[in-house]
Amino acid sequence: MNEELLMIPGPVPVLPRIRNAMSKPMIYHRGEEFRAMYEEIVATLKWIFQTRNDLFVLSGSGTCAMEAAIGNLVRKDTPVVSIANGKFGERLVEIGNRYSDNVTPVNFEWGSPIELEEVKAAMEEKHPQVVTMVHNETSTGILNPAEAIARLTRKYNALFVLDCITSIGGYEVPVDDWGVDIAIVGSQKCLGAPPGLSAISVSERAWKMMLGDNDNSESRERPYYMDLIAYRDSFEKGQTPYTPALPLFFALREALEVIKEEGMAKRVERHRRLADTLRSAVTNLGLSLFPRLNDVSAYSNTVTAIKVPEWLDDAHLRGGMRERGVMVAGGQGKLKGKIFRIATMGNITEGEVSRTIQALESALRG
Ligand SMILES: Cc1ncc(COP(=O)(O)O)c(C=O)c1O
């Protein structure tokens with residue numbers, strides 16, 4: 001009961017039944033039991049991603065899937081347009097730069113929304129083959145316009161890579177309806193599982209680009225450990241190419257059971273309601289939300305970024321909350337000391353959000 005309440009944007013608190021799943025004895029990862037578990041996990045994730053595309057689970061955190069997406073698609077001369085309005089968008093630019101000499105970043109100020117016209121102008125000029133963006137920018141608490149960018153990307157005949165690491169599981173993300181070619185999620189966020197796994201969906205169009213005209217996959221400059229073609233080949237046998245992180249798979253399976261029991265519609269609504277409660281409480285306490293948005297629906301329902309008031313020291317405020325049993329996150333990069341962030345991700349309850357608000361109120365009083 002007295003456990004510290006982790007309200008950071010991942011890892012999120014993990015329910016005891018999900019934690020307990022990790023203590024199961026190990027199994028043969030090339031046997032029937034693993035095959036059944038992997039197929040079940042993939043089927044449930046496809047339901048959550050709302051996709052019929054291929055989907056794989058990688059033994060690596062979200063960044064592993066970000067690199068898998070870009071590393072498999074992008075070669076030295078591939079034109080890429082990489083949209084960024086925060087730390088994780090910029091990470092996609094950095095990964096892009098490792099693989100291509102032809103990445104055009106379309107940068108917006110951290111905390112500002114993405115302007116479609118600017119993105120359109122970049123596409124018009126650069127004719128990208130790949131466009132990357134973060135759906136829910138965790139560093140600033142903004143939900144980016146994924147559907148509109150997906151539409152634009154299609155219009156310019158490019159592939160769309162969307163980092164849904166902190167949106168899938170907390171929002172409806174209709175991957176196929178929107179036309180997202182590669183979508184990724186991390187285990188330790190809205191899915192409510194422990195950290196260490198990520199999942200990636202891959203469209204037919206993405207496979208075509210990866211395989212090229214002559215299907216000479218091995219000659220491509222692609223990652224070895226995160227080779228998605230190897231993942232696809234192994235999946236036919238119900239396996240992963242290399243030894244999977246079994247305890248995390250056990251936990252993920254249980255976390256997905258929890259999601260099925262709640263139902264996605266209810267889960268999304270709970271995320272919306274909790275974020276709404278939190279945003280109202282924060283503003284009622286006289287604090288300001290960080291993002292500068294006209295469109296209220298662009299405030300993230302999975303992470304709330306709040307300005308640190310001039311008269312207060314960030315470390316002191318978060319330290320005060322921690323003394324009251326609640327851990328929240330600071331700002332990242334250039335926002336360090338300027339904002340703090342409270343997550344409402346995964347299996348967080350109303351009671352836990354109330355406890356967080358009380359801790360904040362009490363810490364503000366000093
Ligand atoms: C939007 C987003 N992308 C990528 C990442 C990186 O994920 P990981 O830390 O699991 O590698 C995070 C982590 O917070 C994130 O929020």
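Counting starts at 1 for both ligands and their atoms, following the listed order.
- The shortest contact between atom 16 (O) of ligand 1 and any protein heavy atom is with T138 OG1, 2.5 Å.
- Put simply, no part of H135 is less than 4.0 Å from ligand 1, judged by heavy atoms.
- We find that E90 and K87 are not joined by a salt bridge, their nearest charged nitrogen and carboxylate oxygen being 4.0 Å or further apart.
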In residues 56-70, what donor-acceptor pairs under 3.5 Å come from side-chain atoms, sequence neighbours left out?
residue : atom : partner : partner atom : Å
S59     : OG   : A245    : N            : 3.0
T63     : OG1  : R91     : NH1          : 2.8
E67     : OE2  : Y99     : OH           : 2.6

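- Atoms of ligand 1 found under 4.0 Å from any heavy atom of T166 (numbered from 1 in listed order, with element): 1 (C), 16 (O).
- With hydrogens left out, the protein atom closest to atom 13 (C) of ligand 1 is K189 NZ, 3.0 Å, a heavy atom.
- Looking only at protein heavy atoms, the nearest one to atom 9 (O) of ligand 1 is Q188 NE2, 4.1 Å.
- In this structure, R279 pairs ionically with D276, as a charged nitrogen and a carboxylate oxygen lie closer than 4.0 Å.
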* Asked: Going through the distances and angles, do Y28 and F34 end up as a ring-ring contact (aromatic ring centres under 6.0 Å, His included)?
  -> CA-CA 7 Å; Y28 177 43; F34 181 79; 9.5 Å; no
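- By the 4.0 Å heavy-atom criterion, E137 is excluded from the residues contacting ligand 1.
- From the protein, the heavy atom lying nearest to atom 3 (N) of ligand 1 is D163 OD2, 2.6 Å.
- The pair E109-R292 counts as a salt bridge, with a side-chain nitrogen and a carboxylate oxygen less than 4.0 angstrom apart.
- Contact atoms of ligand 1 toward M66: 4 (C) (distance under 4.0 Å to a heavy atom of the residue).
- Looking from atom 12 (C) of ligand 1 to the surrounding protein, the closest heavy atom is F88 CE2, 3.3 Å.
- Both the backbone and the side chain of T63 come within 4.0 Å of ligand 1, counting heavy atoms alone.
- In this structure, N136 is part of the shell of residues with a heavy atom less than 4.0 angstrom from ligand 1.
- Ligand 1 places these atoms under 4.0 Å from at least one heavy atom of R91: 6 (C).
- Remark: E257 does not engage R17 in a salt bridge, criterion side-chain N to carboxylate O under 4.0 Å.
- Between E4 and R324 there is no salt bridge, since no side-chain N of the basic residue sits under 4.0 Å from a carboxylate O of the acidic one.
- Taking a cut-off of under 4.0 Å to the non-hydrogen atoms of V134, the atoms of ligand 1 that pass are 1 (C).
- Looking at M123 and V131, their side chains come closer than 4.5 Å, going by heavy atoms from C-beta outward.
- Each of the following atoms of ligand 1 lies closer than 4.0 Å to a heavy atom of S61: 8 (P), 10 (O), 11 (O).
- Looking at P9 next to ligand 1, no N or O pair under 3.5 Å apart turns up.
- Note on R35 versus E32: salt bridge recorded, some NZ/NE/NH1/NH2 to OD/OE distance being below 4.0 Å.
- A salt bridge is defined here as a Lys NZ or Arg NE, NH1 or NH2 lying under 4.0 Å from an Asp or Glu carboxylate O, and K208 with D181 fails to meet this definition.
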